[in-house]
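Taking it in order: structure first as structure tokens, then the write-up.
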Amino acid sequence: MRSLRDTSLALLALLAADPTAAAEGEQIYVKACAMCHNAMPPKLGDKKAWEPRLQQGKEALVATVIKGKGAMPPKAGNPALSEKDIEAAVDYMLNQVK
Amino acid sequence: MYRWIHALKITPLILLALLLGPKSLLAVPSMGRQMGMECASCHTVFPELTPFGRQFKLRGFSMSGPPREKSLLTILPISGLLQASITSTAKTNTTGARPSDFPRDGDPLLQAAGVYYGGKIIGNSGALVQFSYDGIEERWAMEMFDARYADSFTLANKEWVYGLTLSNTPTVTDIYNSTPQWAFPHTETAAVQPAASTLLDLRLASQVGGVGTYVMWNNLVYAEAAFYRAGRHGAARALTAGNPIENVVDDFAPYWRVALQREWGSHSLSVGTYGMVADLFPEGELSGPTNRFRDLAFDAQYQYIAEDHIFTAQANYIHEKQTWAAGFVEGEASNRSDTLRTLKADVHYYFQRKYGLGIQYFFTRGDRDELLYNTGEPVFGSATGSPNTDGWLAELNYLPLPYLKLALRYTGYTQFNGASNNYDGFGRDAGDNNSLFFLTWVLF
């Protein structure tokens with residue numbers, strides 16, 4: 001039951017997502033996030049690591065990236081990133097674990 | 001005349017560094033280039049590390065940023081360093097004091113100039129190596145060596161990061177700024193130093209070569225173990241190249257370290273303990289009986305790092321038991337064993353990583369030992385035979401650029417080598433050793 005709901009949510013998300021925005025999210029991720037999130041936790045696509053974080057909701061996660069948390073510097077150490085860029089990258093990251 | 005020649009030597013070097021600097025805005029600049037990140041990601045104000053700076057070191061200095069255009073600078077992780085300073089001591093003309101007791105006092109001094117290899121070597125390995133000219137000792141030498149290999153795995157949803165190190169100074173491998181090699185105030189001055197210091201407090205710096213291993217579990221527990229041996233032969237000699245080996249360790253000296261850390265939001269906290277046991281030959285000897293130094297230390301660090309405001313604090317307490325198996329027989333120590341305890345505690349505030357203030361309180365306490373400390377020398381001796389010293393220092397920082405630090409430091413003593421007044425028996429007071437120090441420190 002739950003997996004059915006999850007699958008349909010994922011499908012909905014895919015349908016709703018604007019493909020150019022998604023590509024942009026990936027680009028930003030590669031440029032500004034991958035050096036950490038491919039190498040250290042929470043890693044891209046690691047469902048166990050992201051499960052508790054998903055529950056916070058996207059807005060809260062974007063706010064956390066802007067403020068910084070633990071080893072993640074404010075704005076991921078890249079002051080040139082806009083809130084929109086960060087949101088696109090977070091979208092991309094969340095899509096990998098949905 | 002002499003002082004002007006030196007001033008002239010330093011100025012063009014600093015100008016050159018400033019010209020080269022802006023193209024590579026990052027500290028240790030080669031590491032910044034490797035990650036494609038700003039200094040601020042890894043440093044509060046260099047050389048203090050942020051939580052991510054610690055991760056970068058833990059992971060072997062080998063993480064790298066997005067693929068970039070290849071150039072010599074992005075392939076070869078080489079950076080440069082320059083330090084120019086002036087030290088001015090309160091009084092240099094007390095009874096018995098010779099000008100040579102205050103070398104270069106009041107003169108501009110090229111304190112250090114050299115190169116770093118800072119960053120990835122290959123795969124999961126990297127290094128931070130500093131080979132430089134020391135203007136106080138007047139020689140080129142291997143100042144710092146830390147080469148490492150690191151990897152990680154996940155077990156039961158918890159990450160283990162582990163690694164191997166090859167290094168030339170106990171605590172150079174540490175990831176916190178509360179242990180001696182990386183602790184405030186980061187640079188020494190040319191002023192007179194108190195007679196006593198513990199082994200862990202850099203008496204073995206660039207005197208030994210060692211291999212170690214470390215692990216970080218779940219970003220919570222950090223542990224490290226290493227063995228060091230005298231930098232006299234083979235690989236250990238290479239790691240200490242250029243340094244005369246004055247503190248010769250017999251056989252192997254074990255070093256260990258455990259720390260707990262916690263990060264929440266913009267805050268991080270660590271508390272830890274570390275120690276070392278080493279048997280050292282008396283000065284000038286390479287065989288026969290040795291003296292044993294057993295150091296046990298506790299340290300802690302707190303950091304609050306926001307975009308505009310940074311507040312950090314460090315504390316470090318070292319307890320040393322000295323057993324003079326050789327020194328007592330040979331008439332170098334009056335007691336069969338002595339203890340020595342040192343404390344350093346400091347707080348720092350930085351505004352926009354541009355302006356900073358750091359204040360440190362320190363003391364040294366130890367057993368009276370006539371032969372060790374009452375050497376009968378003016379300035380350096382102790383008429384009471386006690387090593388007790390108390391003082392504080394304050395440092396103002398200004399960083400016009402992230403890789404250029406100007407520091408103005410005042411060091412004040414309320415007790416020096418056992419007394420406040422007439423500590424050397426020749427009428428010199430503790431306060432006569434107070435000093436003002438101005439430093440320009442550039443990385444490029």
Side-chain angles (χ1 to χ4, degrees), chain A residues 22-57 59-83 85-86 88-90 92-93 96-97, chain B residues 26 31-32 34-44 49-60 62-68 120 124 150-154 156-161 175 216 218-220 261-269 303-310 352-353:
Chain A
E24 195 191 329
E26 181 172 358
Q27 265 174 24
I28 294 164
Y29 174 82
V30 169
K31 251 174 56 192
C33 324
M35 60 276 216
C36 290
H37 286 280
N38 285 359
M40 59 195 274
K43 281 191 188 169
L44 186 72
D46 177 348
K47 289 208 162 92
K48 274 202 189 122
W50 284 97
E51 206 166 64
R53 292 176 160 103
L54 276 170
Q55 285 162 13
Q56 297 179 37
E59 243 94 283
L61 293 174
V62 171
T64 301
V65 179
I66 289 170
K67 216 172 143 227
K69 181 183 182 191
M72 179 162 62
K75 283 199 164 175
N78 193 336
L81 290 179
S82 71
E83 184 167 346
D85 295 338
I86 290 172
V90 170
Y92 170 77
M93 292 166 80
Q96 311 306 307
V97 287
Chain B
L26 316 148
M31 291 184 177
Q34 175 178 319
M35 280 304 278
M37 292 178 95
E38 295 189 28
C39 309
S41 302
C42 285
H43 296 280
T44 53
L49 293 179
T50 61
F52 180 64
R54 292 193 277 281
Q55 288 290 333
F56 183 75
K57 184 170 180 179
L58 267 179
R59 292 166 201 269
S62 65
M63 295 171 76
S64 42
R68 270 152 309 135
K120 183 172 183 145
N124 286 353
D151 209 343
S152 64
F153 61 89
T154 305
N157 208 22
K158 307 278 190 243
E159 194 197 31
W160 296 74
V161 183
I175 56 175
M216 171 71 91
N218 196 26
N219 208 24
L220 177 70
Q261 66 162 38
R262 205 82 193 124
E263 291 162 358
W264 70 103
S266 310
H267 309 262
S268 65
L269 180 70
Q303 295 176 314
Y304 169 78
I305 304 171
E307 265 189 296
D308 280 346
H309 305 282
I310 293 177
Q352 294 182 343
R353 293 175 150 97

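Side chains included, hydrogens not; waters and symmetry mates left out as well; all remaining heavy atoms used. Lettering of chains follows the sequences in order, A, B, ..., and the numbering in each one begins at 1. Remember, predicted model here, so these are calculated numbers, not experimental data.
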Mind checking whether A:P79 and B:E38 have side chains closer than 4.5 Å, heavy atoms only? yes
If you count every heavy atom of other residues, nucleotides or ligands that lies below 6.0 Å from A:E83 atom CD, does the total exceed 12? no
Taking all heavy atoms of A:A71 and all of B:P51, pick out the closest pair and write down the distance. CA-CB, 3.7 Å
Check whether A:A34 gets within reach of chain B through its side chain, its backbone, both or neither, counting any heavy atom under 4.5 Å. neither
Chain A contact via B:M35 - which portion, at a heavy-atom distance below 4.5 Å: both
So for A:A32, is it side chain, backbone, both, or neither that comes closer than 4.5 Å to the heavy atoms of chain B? neither
Distance-minimising heavy-atom pair for B:S41 and A:G77: OG-CA, 3.6 Å
At a heavy-atom separation under 4.5 Å, does B:R262 approach chain A through its side chain, its backbone, both, or neither? neither
Counting only heavy atoms closer than 4.5 Å, note whether B:T50 contacts chain A via side chain, backbone, both or neither. neither
From B:M37 CE over to A:M35 CE, what is the distance, rounded to the nearest 0.5 angstrom? 4.5 Å
Determine the minimum heavy-atom distance between B:E159 and A:A39, stating which atoms define it. OE2-O, 4.3 Å
B:T154 side, atom OG1; A:K48 side, atom NZ - distance, nearest 0.5 Å: 9.5 Å
So, for B:M63 and A:C36, which heavy atoms are closest and what is the spacing to 0.1 Å? CE-CA, 4.0 Å
